[in-house]
Amino acid sequence: MFVPPVYRQRDPRQLADVVRRYPLAALVTNGEPTPYTTHLPVIPESEVDEPDLVGTTLLGHMNRANPHWSSLGVVTPAKLVFWGPHSYVTPVAYETEPAAPTWNFVSVHLEGVLRRIEGVENTLAVVRRTASLFESSFGAGWDSEGSLDYFRQIVPGVGAFRLEVSSAQGMFKLSQDKDLATQRRIAERFATAETSHARELGQSMDELREPADHDA
């Protein structure tokens, strides 16, 4: 996807933060006549303090019954797209005359080579790590360590893979290109909102502003 220069973000810390905090991604590969796309959980293979996503590996898995799985070769060029928080911002929030509302959003696009992971135990390890991540990130859904029997039952129907990342960029659009003071005001307004989704957006808007703005 083309990303206008004004919205491009290549800071590996910012990109890695979106991947870590919002680990549901869309896997996109070439297909005829249109690309194949599947939403699935993806996790970093290893954690480092300041990861550079280019050259690293991300793990994921999907149901083997998914039509997308049958289209994957042993090695497949692919893209993963992650979406961070987004929200519809009305003109009222800008304290301006009525105008077209806008979206605030964050997305990260990673391109690389997709490789299948073979073997029941290797697949099981990916499923377990994914379960642990989602349990810690989104609340206890099940005891990942206590569910090995369940995992072993579903593994025959699950396929795992790793994406070796060759390029990474993000598209961050905040506050309809308003000046920094307006962006700051919008972020603060969302950060104190009633809904958790809006508060999360406000926090991310604050984190994604230019470092110079924080120092001002």
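Between the side chain of R64 and the backbone N or O of V158 there is at least one donor-acceptor pair closer than 3.5 Å. A distance-only check finds no donor-acceptor pair linking the side chain of T57 to the backbone of E164 [under 3.5 Å]. The backbone N or O of T76 lies less than 3.5 Å from no partner atom in the side chain of R116, so there is not a single donor-acceptor pair.
Tracing side-chain contacts under 4.5 Å through hydrophobic residues (I, L, V, M, F, W, Y), one never reaches L59 starting from V28; they form parts of separate clusters. The hydrophobic clustering, which links ILVMFWY residues whose side-chain heavy atoms are closer than 4.5 Å, places L72 and V165 together. Residues L53 and L40 share a single hydrophobic cluster, defined by chaining ILVMFWY side chains whose heavy atoms lie under 4.5 Å apart. Taking hydrophobic clusters as Ile, Leu, Val, Met, Phe, Trp and Tyr residues chained together by side-chain heavy-atom distances below 4.5 Å, L163 shares a cluster with W69. Connection of V19 to V54 is not established within any shared hydrophobic cluster, with ILVMFWY side chains joined at heavy-atom distances below 4.5 Å, either directly or through further cluster members.
For T29 and H68, the side-chain atoms include at least one donor-acceptor pair closer than 3.5 Å.
Of all non-hydrogen atoms in A65 and N63, the two that sit nearest each other are N-OD1, 2.7 Å. Across all their heavy atoms, R129 and P44 have their closest contact at NH2-O, 2.9 Å. Of all heavy-atom pairs between G60 and V126, the closest is O-CG1, 3.8 Å. Annotation for W83 and S107: closest pair CD1-CB, 3.9 Å, computed over non-hydrogen atoms. The two residues G112 and S166 come nearest to each other via the heavy atoms CA-OG, 3.5 Å.
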Applying side-chain contact (heavy atoms from CB on, under 4.5 Å) to V42 and F82, what does each step give before you reach the verdict? CA-CA 9 Å; V42 180; F82 297 80; 3.9 Å; yes

Checking M62 against L27 for the side-chain contact (heavy atoms from CB on, under 4.5 Å) test, could you report, in this order, the C-alpha distance in whole Å, the side-chain angles of both residues, the deciding distance, and whether it holds? CA-CA 10 Å; M62 69 174 73; L27 172 65; 3.6 Å; yes

Step-by-step side-chain contact (heavy atoms from CB on, under 4.5 Å) determination, I117 to R162: CA-CA 7 Å; I117 295 176; R162 57 167 39 92; 3.9 Å; yes

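Separation of atoms NZ (K79) and CD (E111) is listed at 4.5 Å; rounding is to 0.5 Å. Interatomic distance, OH of Y22 versus CG of D17, reported as 7.5 Å (0.5 Å rounding). If you take NE2 on H61 and CZ on R128, they are separated by 13.5 Å, rounding to the nearest 0.5 Å.
Applying the salt bridge (charged side-chain N to carboxylate O under 4.0 Å, His left out) test to E118 and every residue at least two apart in sequence or in another chain returns nothing.
Residue N30 places its CG atom among 12 or fewer non-hydrogen atoms of other residues, nucleotides or ligands, all under 6.0 Å distant.
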